[in-house]
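Count residues from 1 along the sequence. Note that the coordinates shown come from a computational prediction; the quantities given were computed from them, not determined experimentally. Every heavy atom of this structure was used, including side-chain atoms; hydrogens, water molecules and symmetry mates were not.
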Amino acid sequence: MTAARALLEDLRERGVRLEADGLSLRVDAPKGALTGAFRQSLAENKAQLLKLLHWESKRLEEADRRGLVIRWSKEPGWIALHDPTTGEWHEVKASECLPSVVESAKAYRRRGRDER
């Protein structure tokens with residue numbers, strides 16, 4: 001884990017919100033959450049934090065564009081679900097899914113879109 005990612009996780013756990021605005025870093029923090037050490041770390045890691053925040057933003061935009069995708073996994077008997085809120089793929093046993101989810105995976109395959 002990079003220093004910037006660890007710092008970002010620490011700050012988020014403290015309720016601090018960071019936002020990239022071009023080359024500026026906007027910080028919204030509860031009173032007392034930003035100690036001198038955190039302020040120094042923010043300054044030292046600003047470039048990496050901006051890069052990380054821009055990457056997260058693009059990833060979420062792409063996930064939002066794709067939306068929810070339900071399809072058969074490469075592993076037989078499993079269904080892959082694309083989470084549009086995080087951009088992550090999750091795999092679930094088809095036997096544990098609602099029938100409508102299994103039907104959606106079948107429909108996705110029929111449309112010939114079963115490739116990642």
Subject >> Side chain proximity check, L81 to V69, heavy atoms < 4.5 angstrom >> reply: no
Original post:
Would a 4.5 Å heavy-atom cut-off, applied to side chains only, mark R111 and Y108 as touching?
Top reply: yes
Subject >> Approximate separation, where rounding is to 0.5 Å, of R5 CZ and L49 CG >> reply: 10.5 Å
Subject >> H90 (side chain) donor-acceptor with H82 (main chain) under 3.5 angstrom >> reply: no
Original post:
How about L42 and L18: do any of their side-chain heavy atoms sit closer than 4.5 Å?
Top reply: yes
Original post:
Is there side-chain contact between W89 and D83, with at least one heavy-atom pair below 4.5 Å?
Top reply: no
**OP:** Working to the nearest 0.5 Å, report the span between NZ of K51 and OG1 of T2.
**Re:** 10.5 Å
Original post:
Could you give the distance from CD1 (I70) to CZ (R109), rounded to the nearest 0.5 Å?
Top reply: 14.0 Å
Subject >> Distance-minimising heavy-atom pair for I79 and A105 >> reply: CD1-CB, 4.1 Å
Original post:
Which atom names give the shortest non-hydrogen contact between G15 and P30, and what distance separates them?
Top reply: O-CD, 3.3 Å
Subject >> S41 side chain to A37 backbone, donor-acceptor under 3.5 Å >> reply: yes
Original post:
Which value, rounded to the nearest 0.5 Å, describes the distance between D21 atom CG and R26 atom CZ?
Top reply: 4.0 Å
Subject >> Note, L8 side chain near E56 side chain (heavy atom, < 4.5 Å) >> reply: yes
Subject >> Pair R71 + E103: basic N to acidic O under 4.0 Å >> reply: no
**OP:** Taking all heavy atoms of C97 and all of V92, pick out the closest pair and write down the distance.
**Re:** SG-CG1, 3.7 Å
**OP:** Flag yes if L68 and L98 sit in one hydrophobic cluster, no otherwise; membership is Ile, Leu, Val, Met, Phe, Trp, Tyr, and two members link when side-chain heavy atoms are under 4.5 Å apart.
**Re:** yes
**OP:** Answer yes if W78 and W72 sit in the same cluster of Ile, Leu, Val, Met, Phe, Trp and Tyr residues linked by side chain heavy atoms under 4.5 Å apart, and no otherwise.
**Re:** no
Original post:
Roughly how far, to the nearest 0.5 Å, is CG of L52 from CG of N45?
Top reply: 10.5 Å
Original post:
For the atom pair NZ (K93) and OG (S73), what is the distance rounded to the nearest 0.5 Å?
Top reply: 13.0 Å
Subject >> Any side-chain heavy-atom pair of R12 and V16 under 4.5 Å >> reply: no
